[in-house]
Amino acid sequence: MKEYDHKKIEKKWQKEWETDGLYKVEDDVAGKENFYQLVEFTYPSGNLHVGHWYAFAVPDIFARYKRMRGWNVLYPMGFDAFGLPAENAAIKEGADPKKWTYDQMDKMRGQFRSMGAVFDWEREVVSCDPSYYRWTQWMFTQFLKNDLAYRAVTKVNWCPKDQTILANEQVVDGCCERCGTEIMQKDQEQWMLRITKYADRLVDDLEKLNWPNSIKESQKNWIGRSEGSEISFKLSTGAEVKVFTTRADTLFGVTYIVLAPEHALISNLKSQISNWNEVEQYISDTQKKSELDRQQSKEKTGVELKGVTAINPANGEAVPVWIADYVLAGYGTGAVMAVPAHDERDFEFAKKYGLPMRRVVELIYDSKDSPIKSELPIIKRDAICAIVRNPKDDTYMCSVWKNGIHMHGLVTGGIDAGENVIETAKREIYEETGYKNLKLVRGPDFAIHSKFFHRMKKENRWARFQYVFFDLVDDEHDPISEREAAIHDIVWKTKSEMKDFFSVIEGQFLNTLVANPEYIFTDDGITYNSGEFSELPSEEARQKITEAVGGKMVKTYRLRDWGISRQRYWGVPIPIVYDPEGKAHPIPDEHLPWLLPTDVDHTPDGTAPLARSKELLARTEKIFGKGWKPEVETMDTFVDSSWYFYRYLDNKNEDEFASRLRRDAWMPVDLYMGGPEHTTMHLLYSRFWVKALRDLGLVEEDEAYLIRRNRGLVLGPDGNKMSKSKGNVVNPDEIVERLGADTVRMYLAFMGPYGVTGNYPWDPNGVVGVRRFLERVWRLQSKVNGQMSNVASQTLLHKTIQKVSEDIELFKFNTCISAMMICLNEWEADSEKGIAREDFKKFLQILAPFAPHITDELWSNVNGHMSNVPSIHLSSWPLYDESKITEDEITIAIQINGKVRGTVVIPADIEKEGAEAYILAQESTKKIINGRKIERVIYVPMRILSVIVAE
RNA sequence: GCCGGAGUGGCGGAAUGGUAGACGCGCUCGACUCAAAAUCGAGUAUCGCAAGAUGUGAGAGUUCAAGUCUCUCCUCCGGCACCA
């Protein structure tokens, strides 16, 4: 037997597969269903790193498995070849971006081939190729004609280092996602795509996708839909301000309104504003602040617009109008109504500037101790709840009810006619506890509404307890009446003890109140002090109040339209020309592709390099006439990747981006595996793109990716993210050279489950472990003989087939490999008997997707080239035989009082009742039970016998 | 702060509510060898000589039985964040 020579074997089979066209994919194969598996096409960085292997070689296991399962699988490959990195690298090396990119792609194709993946290179897609971007341009013109693309002046994110505009999605913490430079805000005209038109569908359609919850939630967060009301406030000047609020239920609590400094109305009010200088100063100060500064400044600032007031439409009250930069111009209506009693930010602002607050929503809860009885009427009461602190030891007065009527645990009582809250509280404290020297420290302010059944009075109560806080002045107290003494005891509890003492809601609320003197109530509750809208649940109040003041319920989104203009060279030219009047026209279809000119110095200087192209201008004038000017901006590369999966289907089609026939054959993508970094960018953009194409009647589906799985990250051996500066980069070429592609593929699959976002350090020893496994498989061929397999090894094999078949469907490649290792371990331990050829062949088949080269070699070796199947990869996935998996004997664990004390082996064919008696009759069981009285027996077939005995 | 996810040996990780730590790495001992590597065999959660006890971020709960279910809390990762 020769040694396992991975180099020779891998080279041989890669060549063989290519010669035989083994992985060429037809669109329609009789008797087979199509399966479209996708991974994001890669950027041509010029060098394949471990991340690429993890991204492409591991999913290849699944693609190969699906093929063996009888699917016609398309798992294509291509290059996302436009964009900044190529351009920057080219500039750095003084090379032409095009040449540089094509050179890198050549290098990478060779590296990709060493993976032994099933890519059909005939279908390759290259986004910077005119045959591709012709369709990117065409789609843009279609969007333009259907009002999905438009040109507008907007605030844009400008990266001073890369000298280009960035999409919101490309700005992270106020810095450029790519180079980390702090971005600037700038007004600029650019081409926009109307993604906001799809905001609702982008949220709602997530429902039907088999995607991880985390991606769905991230996309929802990103879109940031919030449902609220738009309400108009009339100003004293006659103008009107619309505000957006999600809390219309608090409208009666408005004590001022705030406009964003950029609000368009402000300049119109100039003549009425008495402190205009101050206002103007504030606005210009705000404009000078960078976005980052504005986000990070915690201290709220603002200026009152003196001489102007706003009328609260709910109660006709005049309230002051302020401008402040905590209100964002770009969200909602750029103006808010301020309710300091129920909003943290308004509260902070009001506190700083001495603005009043008014509480209009209170907490309400239904008692769980004593729930109301639905057949009885509910009687409302005003009541107090006294919180009495002993300042000496910081404990609080609580009462323990002796007769089980416990409802509150504090001193409470109804307010009598003509009595005020403080008097009531003092009277109740005296009656119940005898203490008489009290100092009022706070209240009455907060109130909570409690609905409960009053057990002594036998009636339903809806009590509004107003909280009053006292400190004990001294310990002096009188004896209390016998009647009071009979129902409760007074105990003193610390803050933390109180938490456990009360029912959950009450305790939490109380603790918050006690701990935080500045607590404000921001939750939904029940309205109060709100005129005819009082005592309504928040939800209901929002609707009724909005309607009553002539407002409307609206949805607002955080998502902005997608700006696609880039002032760089290496991208798709935006297919637009301007006539002599400056009006934009799409380039007609017959002039597409609208080629990227080559006569350009593309050193970035903040202006679009295409503006310097004589070639482009000349072409424009030649086709459209003198005075016409070309658009000089290029497109964001996220446009290219928004539709690339269609082009794989029909990459040579010159008449359409993809024919209906091909699209019907393959779309939607069945399985999309990729990186978590694409969650709110590529995945959102391309979902929008597909929906837009569908609305234009260009495709059938409105979601392109049925199943999405995000992969994890491979870290360096030191547990850190691989980076050149840390010197922890693992070079896959070197490992492939030394240990083989099969080993690298399998090791990456073995590190942990695929399709979950986890981080796995690359363990150099771990790779060797996988290599050892393959060597042992290799050596096992010498034990293969033509004999019938024995029962034990068959049982093992079929269990292994079952485990691998099940786990591979769940992308748990790690446990598949583990199962195959177990099988090999046991076969080896028992190897004198030899391995039946048929068993070994089945084992190779389940290993084939993981290690395609070595298995094809061994397959041809054990078959002696006599097989009618020339490659193992054309064979069918072996099915396990249920009858071979069942064991004759099973091991049952014996549990005594919940603890495992031993095991018993029983014949597998004993019925449930029989088994119980059989196990109990075993000597070993009796020994464990040791004569104790059996009180209960629970038998779980195949697993465990749980015995409860008297101690 | 809000939303989502995760916490298990020295490490990566296994465990339909049913014998926690499979499999791999590492480590220890042994065989082979002049020696080393490779390979093979035995062992490897913690404490304990052992019997046994303890153990899945912390604490409660449900259950005959909890890594798994429920609640509270802590830590880490991802998304959003002065978003009204």
Side-chain angles (χ1 to χ4, degrees), chain A residues 212-226 228-229 243-247 250 257-258 260 294-300 324-328 330-339 342-346 348-349 499-500 504 508 522 556-558 676-677 679-680 710 713 715 717 719 747 750-753 756-770 772-773 775-776 779 807 812 814-822 824-825 828-829 891-903 935-949:
Chain A
N213 205 24
S214 56
I215 305 187
K216 294 186 181 181
E217 291 304 321
S218 289
Q219 292 211 349
K220 282 185 202 167
N221 283 345
W222 185 264
I223 295 164
R225 175 162 76 187
S226 95
S229 316
V243 302
F244 173 73
T245 179
T246 56
R247 292 301 303 273
T250 63
I257 70 169
V258 192
R294 206 167 148 175
Q295 271 175 22
Q296 281 171 350
S297 61
K298 283 162 226 132
E299 179 80 12
K300 289 185 176 42
D325 67 1
Y326 81 89
V327 174
L328 307 175
Y331 183 78
T333 57
V336 302
M337 59 183 225
V339 188
H342 300 290
D343 182 279
E344 300 276 1
R345 297 150 304 185
D346 297 344
E348 202 188 308
F349 193 78
K499 205 184 213 171
D500 300 327
V504 175
Q508 274 177 4
T522 55
T556 306
Y557 307 87
R558 203 199 75 101
E677 68 275 20
T679 297
T680 49
N710 278 0
L713 189 66
L715 305 174
Y747 172 65
F750 188 54
M751 287 187 313
V756 295
T757 311
N759 296 336
Y760 309 108
W762 176 276
D763 178 359
N765 291 313
V767 197
V768 174
V770 171
R772 277 203 276 266
F773 167 74
E775 281 174 4
R776 286 160 60 202
R779 268 180 259 138
D807 286 4
K812 288 166 74 173
N814 55 332
T815 51
C816 294
I817 294 168
S818 156
M820 291 187 279
M821 285 173 167
I822 293 168
L824 177 74
N825 287 350
E828 269 185 347
T891 306
I892 301 289
I894 311 294
Q895 252 183 20
I896 307 292
N897 291 352
K899 297 203 167 168
V900 175
R901 295 295 174 195
T903 56
E935 292 184 339
R936 196 176 156 194
V937 176
I938 296 133
Y939 177 59
V940 184
M942 311 292 286
R943 293 202 184 272
I944 209 160
L945 185 83
S946 186
V947 184
I948 312 305
V949 300

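Chain naming here is simple, since letters A, B, ... match the order of the sequence lines and numbering starts at 1 in each.
Using a 4.0 Å heavy-atom criterion, one finds that A:Ile822 contacts the sugar-phosphate atoms exclusively.
One P atom belongs to B:rG9, the other to B:rU46, and the distance between them is 12 Å to the nearest Å. Nucleotides B:rC27 and B:rC11 have their P atoms positioned 15 Å apart, rounded to a whole Å. Using P as the reference atom, B:rA6 and B:rG52 are 37 Å apart when rounded to the nearest Å.
Applying the 4.0 Å criterion to OP1 and OP2 of B:rG5, one finds that A:Asn710 has every side-chain N and O outside that range. Taking side-chain N and O atoms only, A:Lys220 has no distance below 4.0 Å to OP1 or OP2 of B:rC2. OP1 or OP2 of B:rC25 lies within a sub-4.0 Å distance of a side-chain N or O belonging to A:Arg772. The shortest distance between the side-chain N/O atoms of A:Ser218 and the OP1/OP2 oxygens of B:rC3 is not below 4.0 Å. Taking 4.0 angstrom as the limit, A:Arg247 places none of its side-chain polar atoms (N or O) nearer than this to OP1 or OP2 of B:rA84. Between B:rC23 and A:Asn825, no contact under 4.0 Å exists linking OP1 or OP2 to a side-chain N or O.
If you check B:rA31 for Watson-Crick or wobble pairing at under 3.5 angstrom, you find it paired to B:rU39.
For A:Arg943, whose side chain is taken as the heavy atoms from C-beta onward, the closest listed nucleotide among B:rG18, B:rG12, B:rG4 is B:rG18. If you check B:rG4, B:rG13, B:rA84 against the side chain of A:Ser214, the one that comes closest is B:rG4. Considering only the side chain of A:Tyr331, B:rA84 comes nearest among B:rU19, B:rC40, B:rA84. Taking every side-chain heavy atom of A:Tyr326 into account, B:rC82 is the closest of B:rC82, B:rG5, B:rC25.
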For the pair A:Asn710 and A:Thr757, evaluate side-chain hydrogen bond (donor to acceptor under 3.5 Å, both in side chains) and give the outcome as yes or no after the intermediate values.
-> CA-CA 6 Å; A:Asn710 278 0; A:Thr757 311; 4.8 Å; no

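In this pair, A:Phe349 and A:Tyr326 present their aromatic rings tilted. The plane angle is within the 30 to 60° band.
Between the side chain of A:Gln895 and the base of B:rG18, at least one donor-acceptor pair of N or O atoms lies under 3.5 Å.
When the nearest nucleotides of RNA chain B are assigned to A:Asp343 and A:Met751 by heavy-atom distance, the more 5′-ward of the two goes with A:Met751. Residues A:Asn759 and A:Ile948 both approach RNA chain B. Their nearest nucleotides, taken by heavy-atom distance, put A:Asn759 toward the 5′ side.
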